[in-house]
Amino acid sequence: MIDAAALERAHAERLDADDPISAFRDRFVIDDPGRIYLDGNSLGRLSHAARTRVEAITADWGARVVEGWNDWIEWPVRVGDRLARVVLG
């Protein structure tokens, strides 16, 4: 049997207040605070850090256009090599 008090908003708010990782909430873009986000098969909410990084990369791309490819063209090889070392030894 479910305790009816456990289904009340006040109970959820107490749990949130006691949650040791609740401070991480401020790291994410939450433009819709009324939305309850429970999608388990998604990337999750966008972090402010990721948005800032994407904005910086696209600004660099816009400024450098085709000349920027020298910096990223080998990324798949470098990332693959690092993954192989870590995952496969």
Side-chain angles (χ1 to χ4, degrees):
M1 180 99 180
I2 296 176
D3 179 9
L7 300 176
E8 294 179 12
R9 182 179 186 91
H11 177 71
E13 289 172 347
R14 281 192 303 277
L15 291 174
D16 284 347
D18 294 340
D19 189 343
I21 64 169
S22 64
F24 285 96
R25 186 175 202 275
D26 294 336
R27 294 183 184 190
F28 297 90
V29 176
I30 302 176
D31 291 334
D32 53 351
R35 176 178 281 175
I36 298 173
Y37 190 78
L38 299 173
D39 189 352
N41 65 342
S42 111
L43 295 173
R45 288 201 180 264
L46 177 66
S47 70
H48 291 290
R51 179 167 61 181
T52 299
R53 183 69 178 128
V54 167
E55 288 169 351
I57 288 170
T58 55
D60 182 60
W61 173 16
R64 297 175 65 202
V65 286
V66 73
E67 294 168 356
W69 74 271
N70 288 322
D71 294 338
W72 59 261
I73 195 70
E74 291 296 321
W75 283 3
V77 173
R78 291 192 309 238
V79 170
D81 288 348
R82 288 180 72 181
L83 284 171
R85 280 193 300 276
V86 173
V87 175
L88 302 175

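These figures come from a predicted structure and were not determined experimentally. Side-chain atoms are counted along with the backbone in the values below, which use heavy atoms only and exclude waters and symmetry mates.
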Linking I/L/V/M/F/W/Y whenever any side-chain heavy atoms sit under 4.5 Å apart, do W61 and V66 land together?
-> no
D32 (side chain) donor-acceptor with G34 (main chain) under 3.5 angstrom = no
Shortest non-hydrogen contact from R45 to R35?
-> NH2-O, 3.7 Å
Which distance, rounded to the nearest 0.5 Å, do you find between the CD of E55 and the CZ of R51?
-> 6.0 Å
Does the pair D16/R25 count as a salt bridge with the N-to-O cut at 4.0 Å?
-> no
Where S42 and Y37 come nearest, the two heavy atoms and their spacing = OG-OH, 2.5 Å
Heavy atoms of L46 and A50 approach each other most closely as CD1-CB, 3.9 Å
Is it the case that more than 12 heavy atoms not belonging to E67 sit under 6.0 Å from its CD atom?
-> no
Would one find more than 12 heavy atoms of other residues, nucleotides or ligands at under 6.0 Å from atom CD1 of I2?
-> no
If you draw a 6.0 Å radius around CZ in R82, do more than 12 non-hydrogen atoms from other residues or ligands fall strictly inside?
-> no
Answer yes or no: does atom CZ of R27 have more than 12 heavy-atom neighbours from other residues, nucleotides or ligands under 6.0 Å?
-> no
When rounded to the nearest 0.5 angstrom, what is the spacing between CH2 in W69 and CD in E74?
-> 8.5 Å
T58 OG1 to R53 CZ distance, which is reported to the nearest 0.5 Å = 10.5 Å
So how far is it from D26 CG to H48 NE2, rounded to the nearest 0.5 Å?
-> 7.5 Å
On a heavy-atom basis, the closest approach of G68 and W72 is O-CD1, 3.3 Å
Same cluster (ILVMFWY, side-chain, under 4.5 Å), I73 and W75 | yes
Atom pair CD1 (I57) and CG (D71), whose distance is rounded to the nearest 0.5 Å | 11.0 Å
